[in-house]
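Residue numbers start from 1 in every chain, and the chains themselves are labelled A, B, ... in the order their sequence lines are given, proteins ahead of strands. Hydrogens, waters and symmetry mates are skipped; everything else that's a heavy atom, side chains included, is used.
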2 protein chains.
Amino acid sequence: MQISKGVEWAVHAASMMVALPEGRGLKAAALAHYHGVPTAYMAKQLQALSKAGIVQSSRGAHGGYRLAKPATDISLWDITAAIEGHGPAFRCTEIRQNGPCGLKRKDCRSPCQIAAAFSSAERAFRDSLKAVTLADIGLQFVRDSEPEHLSDIMHWLESEVMPLSDTP
Amino acid sequence: MQISKGVEWAVHAASMMVALPEGRGLKAAALAHYHGVPTAYMAKQLQALSKAGIVQSSRGAHGGYRLAKPATDISLWDITAAIEGHGPAFRCTEIRQNGPCGLKRKDCRSPCQIAAAFSSAERAFRDSLKAVTLADIGLQFVRDSEPEHLSDIMHWLESEVMPLSDTP
DNA sequence: GTTATTCGGACATTTAATATCCGAATTAGG
DNA sequence: CCTAATTCGGATATTAAATGTCCGAATAAC
Ligand code: SF4
Ligand code: SF4
């Protein structure tokens with residue numbers, strides 16, 4: 001019942017990419033250094049986002065990552081699922097088929113009330129995260145931050161994002 | 001983002017206790033054997049339920065477990081929290097304080113939008129599980145099961161529950 | 001008081017999360 | 001066109017957590 005901390009890192013990295021100019025990217029090392037986390041492990045999360053089609057990667061010199069689609073089309077659930085997997089949190093092991101009063105497999109066609117209740121709770125969790133997009137996060141962040149802090153970030157971005165190829 | 005399978009076992013065990021006659025109990029070994037799971041590990045889950053005040057335990061000869069309060073007052077969330085802990089699934093490591101543009105601690109008094117979104121999603125999850133009680137599970141189980149199967153269970157219960165002390 | 005029985009917490013083992021490394025692929029530049 | 005620099009990608013260690021096991025403390029029957 002713990003969410004991997006890689007999810008937190010991935011969300012932060014993706015949020016940073018929202019502010020990127022069109023056709024530019026950020027390399028994994030820069031994102032890791034900015035957030036003060038191990039480079040190789042941050043790269044692993046970006047890899048997962050890439051496989052899920054959330055970010056686009058360019059290899060070789062002047063390569064890096066950028067968002068693969070508009071920020072309004074990327075929800076927090078998309079990122080969470082990309083890192084943690086799409087499988088359900090409550091894993092039923094069908095122990096009702098065990099023991100002295102075990103049911104036959106044919107009597108287990110429909111999930112029991114217990115499994116249904118957890119499934120419903122997880123759906124509520126997912127729907128809540130699906131309602132929040134990276135665009136929302138970015139907008140609120142700009143609103144709530146000190147102008148001075150935003151200026152620092154823009155400055156850092158320019159120093160890292162400048163030398164980038166625009167070919168996809 | 002995985003729920004321990006101990007939760008599944010604990011819910012099954014607690015559901016079984018709903019059917020117990022007043023003042024009777026079931027020992028850990030019986031519950032474990034009935035569900036076809038390791039005895040000692042099932043005992044561990046029951047221990048957690050006991051500490052959380054969900055079940056009451058009696059030691060010594062003819063000891064065992066019984067529900068500590070009415071089935072209508074025990075929700076699936078109560079059981080889940082007893083096994084998995086009450087802490088949040090999304091653990092914020094405050095990485096916004098790291099790196100070249102790190103914020104000062106005093107600027108982090110309020111949680112950011114990311115943490116707030118996950119907190120809200122978890123609340124939705126909890127509320128959904130809180131709405132389902134052991135009484136609901138028991139009632140639906142009786143409705144959906146074959147009479148033959150219920151008869152088997154009653155038979156087994158009588159053979160296990162008979163020799164029990166009624167002193168708390 | 002003795003003994004049989006059961007829960008309780010302390011102790012191994014296995015699995016998953018965390019962190020790291022080096023090769024494959026691509027591009028810039030000559 | 002070829003080379004070298006650079007970056008991503010998957011395979012590989014390490015650490016933490018979940019899973020599974022054991023024996024002592026406590027209780028009740030006799
Ligand atoms: S009865 Fe429900 S929770 Fe139990 S094993 Fe079957 S589907 Fe899973
Ligand atoms: S910005 Fe939000 S998610 Fe990131 S470290 Fe701070 S509270 Fe956590």
Side-chain angles (χ1 to χ4, degrees), chain A residues 1-10 13 24-33 35-52 55-66 68 80 83-85 87 89-91 93 95 160-161 163-168, chain B residues 1-10 13 24-33 35-52 55-66 68 80 83-85 87 89-91 93 95 160-161 163-168:
Chain A
M1 190 57 173
Q2 297 289 73
I3 291 176
S4 161
K5 64 177 67 168
V7 171
E8 183 187 8
W9 302 357
R24 304 300 175 84
L26 279 167
K27 60 185 182 182
L31 286 165
H33 179 249
H35 294 104
V37 299
T39 302
Y41 195 35
M42 171 62 95
K44 196 189 175 84
Q45 317 305 331
L46 292 168
Q47 221 168 289
L49 292 182
S50 178
K51 269 199 244 183
V55 302
Q56 221 172 14
S57 66
S58 298
R59 286 211 272 206
H62 296 183
Y65 291 97
R66 73 199 73 178
T80 304
I83 306 292
E84 295 276 321
F90 182 84
R91 301 157 292 170
T93 43
I95 62 177
E160 283 290 343
V161 87
L164 179 72
S165 143
D166 359 356
T167 55
Chain B
M1 190 59 176
Q2 297 288 76
I3 291 176
S4 162
K5 64 177 67 168
V7 171
E8 183 186 7
W9 301 356
R24 303 300 175 85
L26 279 167
K27 61 185 182 181
L31 287 164
H33 179 248
H35 295 103
V37 299
T39 302
Y41 196 34
M42 171 62 95
K44 196 188 175 87
Q45 316 305 332
L46 292 169
Q47 220 170 292
L49 293 183
S50 178
K51 269 200 242 180
V55 303
Q56 223 172 11
S57 67
S58 298
R59 285 210 272 207
H62 295 183
Y65 291 97
R66 72 198 76 175
T80 304
I83 307 293
E84 294 277 320
F90 181 84
R91 301 157 293 170
T93 43
I95 62 176
E160 283 290 343
V161 88
L164 179 72
S165 141
D166 1 355
T167 53

Which protein N or O atoms sit under 3.5 Å from an N or O of nucleotides 22-24 of chain C?
none

Could you give the [atom1]-to-[atom2] distance, from [X] to [N], as a whole number of Å?
X       : N      : atom1 : atom2 : answer
B:Lys51 : C:dC7  : NZ    : P     : 16 Å
A:Gln47 : C:dT20 : CD    : P     : 16 Å
B:Leu49 : C:dG8  : CG    : C1'   : 14 Å
A:Leu26 : D:dT7  : CG    : P     : 12 Å
A:Ile83 : C:dA16 : CD1   : P     : 18 Å
B:Lys27 : D:dT27 : NZ    : C1'   : 15 Å
A:Gln56 : D:dT7  : CD    : C1'   : 16 Å

- [ ] Using the test ring-ring contact (aromatic ring centres under 6.0 Å, His included), find all partners of B:His33 that sit at least two apart in sequence or belong to another chain.
- [x] none
Open item on the list: My understanding is that only residues two or more places apart in sequence, or in another chain, count here; which of them pass side chain to side chain donor-acceptor pair (under 3.5 Å) with A:Gln45?
Closed with: none
I need the minimum non-hydrogen distance between [X] and [Y], along with the two atoms involved.
X       : Y       : value
A:Ala32 : A:Thr39 : CB-CA, 3.5 Å
B:Gly63 : B:Lys27 : O-CB, 4.3 Å
B:Met1  : A:Glu84 : CB-OE1, 2.7 Å
A:Ser50 : A:Tyr65 : CB-CE2, 4.5 Å

- [ ] Using modelled atom types only, decide if a donor and an acceptor are shared between the side chain of A:Glu160 and the backbone of A:Ala30 within a distance under 3.5 Å.
- [x] no
Can you give each donor-acceptor pair under 3.5 Å made by side-chain atoms of residues 3-10 of chain A, sequence neighbours left out, with the distance rounded to 0.1 Å?
residue, atom, partner, partner atom, Å
A:Ser4, OG, A:Gly6, N, 3.0
A:Glu8, OE1, B:Thr93, N, 3.2
A:Glu8, OE1, B:Thr93, OG1, 2.6
A:Glu8, OE2, B:Thr93, N, 3.2
A:Glu8, OE2, B:Thr93, OG1, 3.4

TODO: Ignoring backbone atoms, establish whether A:Ser50 has a side-chain N or O less than 4.0 Å from OP1 or OP2 of D:dG9.
DONE: yes
Task: Under 4.0 angstrom between B:Ser58 side-chain N/O and D:dT27 OP1 or OP2 - done: no
Open item on the list: Checking contacts here: which listed nucleotide (D:dC8, D:dG10, C:dT27) is nearest the side-chain heavy atoms of A:Ala28?
Closed with: D:dC8
Task: Partners passing side chain to side chain contact (heavy atoms under 4.5 Å, CB included) against A:Ala48 (at least two apart in sequence or in another chain) - done: A:Ile83
Open item on the list: Within the 4.0 Å limit for protein heavy atoms, which parts of nucleotides 14-23 of chain D are touched? Write it as a string from 5' to 3', B for base, S for sugar-phosphate only, - for none.
Closed with: -----BBBB-
